[in-house]
Number of protein chains: 2
Amino acid sequence: MAVVTAPLAKDMFDPLCPSDLNPIRVGDKWAGMIVRCLELGPARFSQLRVPLTGITAKVLTKSLRALERDGLIRRAAGEYSLTPLGRSLLGPLDAACAWTREHWDELLDAREGLYPH
Amino acid sequence: MAVVTAPLAKDMFDPLCPSDLNPIRVGDKWAGMIVRCLELGPARFSQLRVPLTGITAKVLTKSLRALERDGLIRRAAGEYSLTPLGRSLLGPLDAACAWTREHWDELLDAREGLYPH
DNA sequence: CGGGATCCGGTCTGATACTG
DNA sequence: CAGTATCAGACCGGATCCCG
C-alpha cells in the first residue's frame, strides 16, 4: 500500500458526536479511531493528533503503546502503520460501525430525556 | 421465543480467560456476556449471577441498568430479556467473537513475554 | 431474593512542565 | 517534533454491610 502523504482531515471525526452511545468498542476510547486513521496509510504522531480532536500527547501515546503491545499496529521510522492483524480488524470494525449507523436513532431514542433539547 | 427454564451453566464463561486481550468490546466488561446469557431466553438476576463468575450484585446491577438505559434489554416481572435492538446486536457480536477466536493465538503471541511461563 | 449505600484502592484523565 | 514526568482530580470495579 502506498504511503498517504495527504494530511488527515481535521473533521474526520465529529468531536460533538456522543460516541459513548455506541455499545460496540474496539480497545480504548481512541483505538477505533486510530485504526481508522491508519487504514488510509502510515501516519506520524502529529498527523494523528489532527483528526483526534482534543487528544493529549499522553493519552495518544498510551493508546498507541497499547495497540502496539497487542500487535495491531507497528512503529517504524517514526511512522505508525497497521499490522496484518490490525488490518484484519477492519472487517468486524466495519460491521460494528454499520450496526451503529443502522440503529443510531434507536439508541438516541432509548436515552431520550437524558439529553434535553 | 420460549422461556428457557433450564439454569444457565456455571462454566458458560471461563473465569481464567484473559478476555482483556479481546480488543472488541460491547459496552462494559460484562455487557457482552449478559447479552449472550439472555440470547437463550429471559433470566432473573440470580440466574445471571451463576455464569458470570465472581460478579458482585452492585456491578451486575450497574451493567443491567446501563443495558436497560440503552434500550438493549428490558426488565419485566423480575425477568430480564433482550429487546429487538439488543437481539440485533447479536450479529456484530458474533462477528467480533469469530474474529477473536480466529486471531486469538496472534493476540497471545503479541503479548508474549508479558505473561512469563 | 434483589438490590442500595458506603468505602476503598487502582486506574484514567487533564494540565503543566520538561527533554532529546 | 515526539514524546516523558509529575501531580491532582475524576472515575472504576470490588468488598462489605444493610434493607424491604
Side-chain angles (χ1 to χ4, degrees), chain A residues 3-8 10 13 15-23 25-34 37-38 41-70 73-81 114, chain B residues 3-5 7-8 10 13-23 25-35 37-38 41-70 73-81 111 114:
Chain A
V3 171
V4 174
T5 54
L8 294 166
K10 261 191 298 292
F13 305 107
L16 295 179
C17 171
S19 56
D20 290 344
L21 284 181
N22 188 350
R25 270 205 239 123
V26 174
D28 64 22
K29 176 178 175 183
W30 302 95
M33 288 185 264
I34 292 172
C37 291
L38 296 179
R44 318 187 48 139
F45 191 86
S46 53
Q47 289 181 292
L48 289 172
R49 293 194 67 173
V50 176
L52 305 176
T53 318
I55 197 172
T56 64
K58 190 180 76 171
V59 174
L60 179 53
T61 299
K62 193 165 61 62
S63 289
L64 288 171
R65 294 289 171 276
L67 287 166
E68 210 178 346
R69 178 202 58 192
D70 291 347
I73 70 173
R74 167 194 308 135
R75 184 174 32 161
E79 287 205 324
Y80 295 92
S81 58
L114 296 178
Chain B
V3 172
V4 174
T5 53
L8 294 166
K10 261 192 299 291
F13 306 106
D14 177 3
L16 294 179
C17 171
S19 57
D20 289 346
L21 283 181
N22 188 349
R25 273 209 232 122
V26 174
D28 64 24
K29 177 179 176 182
W30 302 96
M33 287 184 266
I34 292 173
V35 170
C37 291
L38 295 179
R44 318 190 45 148
F45 191 86
S46 52
Q47 289 181 294
L48 289 172
R49 292 194 69 172
V50 176
L52 304 176
T53 319
I55 197 171
T56 63
K58 187 185 80 168
V59 174
L60 178 54
T61 299
K62 195 162 61 63
S63 289
L64 288 171
R65 294 289 172 276
L67 287 167
E68 211 178 346
R69 179 201 59 191
D70 291 348
I73 71 173
R74 166 194 310 134
R75 183 173 33 158
E79 287 204 325
Y80 296 91
S81 58
R111 292 220 194 169
L114 297 176

Nearest atoms (heavy-atom pairs only) where A/Gln47 meets A/Leu8: O-CD1, 3.7 Å

On a heavy-atom basis, which atom in B/Pro42 and which in B/Glu79 lie closest, and how many Å separate them? CB-OE1, 3.5 Å

Heavy-atom check, side chain of [X] versus side chain of [Y], under 4.5 Å:
X       : Y       : answer
B/Leu67 : B/Asp28 : no
A/Phe13 : A/Thr53 : no
B/Leu48 : B/Leu64 : yes

Nearest whole angstrom, please: distance from the [atom2] of [N] to the [atom1] of [X].
X       : N      : atom1 : atom2 : result
B/Leu64 : C/dG2  : CG    : P     : 11 Å
B/Arg65 : D/dG13 : CZ    : C1'   : 17 Å
B/Leu60 : D/dC12 : CG    : P     : 17 Å
B/Ile55 : D/dG13 : CD1   : P     : 10 Å
B/Asp28 : D/dG13 : CG    : P     : 6 Å
B/Leu52 : C/dG3  : CG    : C1'   : 16 Å
A/Phe45 : D/dC1  : CZ    : P     : 11 Å
A/Lys62 : C/dG10 : NZ    : C1'   : 13 Å

By the 4.0 Å heavy-atom rule, please label B/Arg75 as base, sugar-phosphate, or nothing. sugar-phosphate

What residues, two or more places apart in sequence or in another chain, satisfy side-chain contact (heavy atoms from CB on, under 4.5 Å) together with [X]?
X       : value
B/Arg25 : none
A/Thr61 : A/Phe45, A/Arg65
B/Ser46 : none

Bend across the helix from C/dC1-D/dG20 to C/dG20-D/dC1, to 10°, with axes taken over 5 pairs at each end? 40°

Looking only at side-chain N and O atoms, does [X] come under 4.0 Å of OP1 or OP2 in [N]?
X       : N     : result
B/Tyr80 : C/dG3 : yes
B/Arg49 : C/dG3 : no
A/Arg44 : D/dA2 : yes
A/Ser46 : D/dA2 : yes

Could you tell me which residues satisfy salt bridge (charged side-chain N to carboxylate O under 4.0 Å, His left out) with B/Arg44, sequence neighbours excluded, listed by chain and number? none

What string of B, S and - do you get for nucleotides 14-20 of chain C, 5' to 3', if B is base contact, S is sugar-phosphate-only contact and - is no contact with any protein heavy atom under 4.0 Å? BB-----

